[in-house]
Chemist: 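One structure, pasted below without further comment.
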Protein chains: 2
Amino acid sequence: MTAQRLQEIALRFFADKGYDGTSLADIAGAIGIKKPSIYAHYSSKLDLFLAVADTALHDYRQSWRRALDKGEALPADRRLQSLFEEMGEHFLADRTKLAFWIRLWVFPPADCPAGVRDAFQTLTGEYLAEVAAVFRAGMEQGRLRPGPADDLAHALFSLLVGFLIRAHAYQDTDHLRLLRQTWDCFMFGIKTEDG
Amino acid sequence: MTAQRLQEIALRFFADKGYDGTSLADIAGAIGIKKPSIYAHYSSKLDLFLAVADTALHDYRQSWRRALDKGEALPADRRLQSLFEEMGEHFLADRTKLAFWIRLWVFPPADCPAGVRDAFQTLTGEYLAEVAAVFRAGMEQGRLRPGPADDLAHALFSLLVGFLIRAHAYQDTDHLRLLRQTWDCFMFGIKTEDG
DNA sequence: GTCTATAACAAGATAGAC
DNA sequence: GTCTATCTTGTTATAGAC
């Protein structure tokens, strides 16, 4: 199916050069067809982008849904760690996916319909609500410090986002080690007890 | 000076719509001149961008240089906190500056010379080295847990970046409260001592 | 479904008058 | 320094043959 190939290649270009920086000739050339042939599969450049974005949103939801389910039986603190590492490894494993995801969330194209941005925000809101629930469970179990669960969920999300963006910008270092180190800070703090 | 006005307006457009998404006609129109007049001040669109980027890089360096100096007399843990909050507040105070900074670092334009990206990386490298030194000092003073100072500096940087990008995407919530909450997690951890 | 050809337009950049 | 006019190139998109 050429439509599928088009999405794959378009994802690469949009992730790498951005929506405005990508021309349909680039995409067509990369899969060996001519530019007008794209219109047999997608009615416009934006239509192609929306198809790619839709796939990305589904993948995003699936990734945290699966990561949450995977650690369901764990105590809350271990579940959060599992979630953090699973999400980190998920995006680290595919840099193209990561770059597209960041671009879609942080700098969507100017003519991107508001519905897509809202869908992203809604998904993230659902994710944050789930994470906050795990925080509350951990506090009730006495395994996590008492605190504002919603804010803590946002803080953990910030940490994940920052880690991923740093990984996007620094392509060289040992990210898995840093992922665990970053998690340990969040878990145990950097301060000594007697400070 | 029209050249100065051009930089200010260009900064806004580049931050908001990106380099590729901004046309010289947009910029010219916003300050009330015509497109060709820009060429009396800058030899090309890229030349204008580089001028803006240069200013942004200086501002970036100055912000962490000043934040580091400001807390020089504090003990290491308080100094890190001061640094984190100063940097956070610095970028939160000017969303345009923040958006341009993120774009320049994470998704520079395709025709952006490698020198500019390298300059950014070098600046960040210097910053990370300074932060790592503060970590080491804190460990020697017994106020911070022993650990890999370089990795911890990166982790703290990730946290700041994630917080800022989250703030860029969610323009509504109370960011200063979340900034402090996020810091507390990093400082004291989320785990109870007896876990 | 893919192609050639072309329309319609926007963008960066230059020439030359004022 | 700013303008009008123009050039050139690149882009999205369509028409119509195969």
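Here is the naming used below: chain letters follow the sequence lines, and residue numbers restart at 1 for every chain.
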Chemist: Can you see if the side chain of A/Thr2 gets near the phosphate of C/dG1 - specifically, an N or O under 4.0 Å from OP1 or OP2?
Modeler: no
Chemist: Considering only side-chain heavy atoms of A/Lys45, which listed nucleotide, D/dT2, D/dC3, D/dT12, is closest?
Modeler: D/dT12
Chemist: Can you tell me if B/Lys34 touches the phosphate of D/dC3, counting only side-chain N or O atoms and a distance under 4.0 Å to OP1 or OP2?
Modeler: no
Chemist: Is there side-chain contact between B/Pro108 and B/Arg103, with at least one heavy-atom pair below 4.5 Å?
Modeler: no
Chemist: Would you say A/Ser44 reaches D/dT14's phosphate, i.e. side-chain N/O to OP1/OP2 under 4.0 Å?
Modeler: no
Chemist: Below the 4.0 Å mark, does C/dG1 have OP1 or OP2 next to a side-chain nitrogen or oxygen of A/Ser37?
Modeler: no
Chemist: Please report the distance, rounded to the nearest Å, between CD1 in A/Ile38 and P in D/dT12.
Modeler: 8 Å
Chemist: Measure CD1/A/Ile27 against C1'/C/dT2 and give the value in whole Å, please.
Modeler: 17 Å
Chemist: So if I take every side-chain heavy atom of A/Ser23 and compare against D/dT2, D/dT12, C/dA13, which nucleotide ends up nearest?
Modeler: D/dT12
Chemist: Which nucleotide, C/dG12, D/dT14, D/dG1, lies nearest any side-chain atom of B/Ala40?
Modeler: D/dG1
Chemist: Return yes if some donor-acceptor pair links the side-chain N/O of B/Asp47 with the main-chain N/O of B/Ser43 below 3.5 Å, else return no.
Modeler: yes
Chemist: Before we go on, tell me: are the rings of B/His175 and B/Tyr170 under 6.0 Å apart, centre to centre?
Modeler: no
Chemist: Rounded to the Å, how far apart are A/Leu48 CG and D/dT11 C1'?
Modeler: 15 Å
Chemist: How close or far is atom C1' of D/dT14 from atom OH of A/Tyr42, stated in whole angstroms?
Modeler: 20 Å
Chemist: Roughly, in whole Å, what's the span from NZ in B/Lys35 to P in C/dG12?
Modeler: 7 Å
Chemist: Quickly work out the B/Leu24 CG to D/dT2 C1' distance and round it to whole Å.
Modeler: 16 Å
Chemist: Any chance CZ of B/Arg117 has more than 12 other-residue heavy atoms, nucleotides or ligands included, within less than 6.0 Å?
Modeler: yes
Chemist: Considering only side-chain heavy atoms of B/Tyr39, which listed nucleotide, C/dA13, C/dA5, D/dT11, is closest?
Modeler: C/dA13
Chemist: Out of C/dG12, D/dC3, C/dG1, which has the shortest distance to the side chain of A/His41?
Modeler: C/dG1
Chemist: Test B/Leu144 against B/Val134 for side-chain contact (heavy atoms from CB on, under 4.5 Å), laying out the working first.
Modeler: CA-CA 10 Å; B/Leu144 296 178; B/Val134 179; 5.9 Å; no
Chemist: Please give, in whole Å, the distance from C/dG12 C1' to B/Phe49 CZ?
Modeler: 16 Å
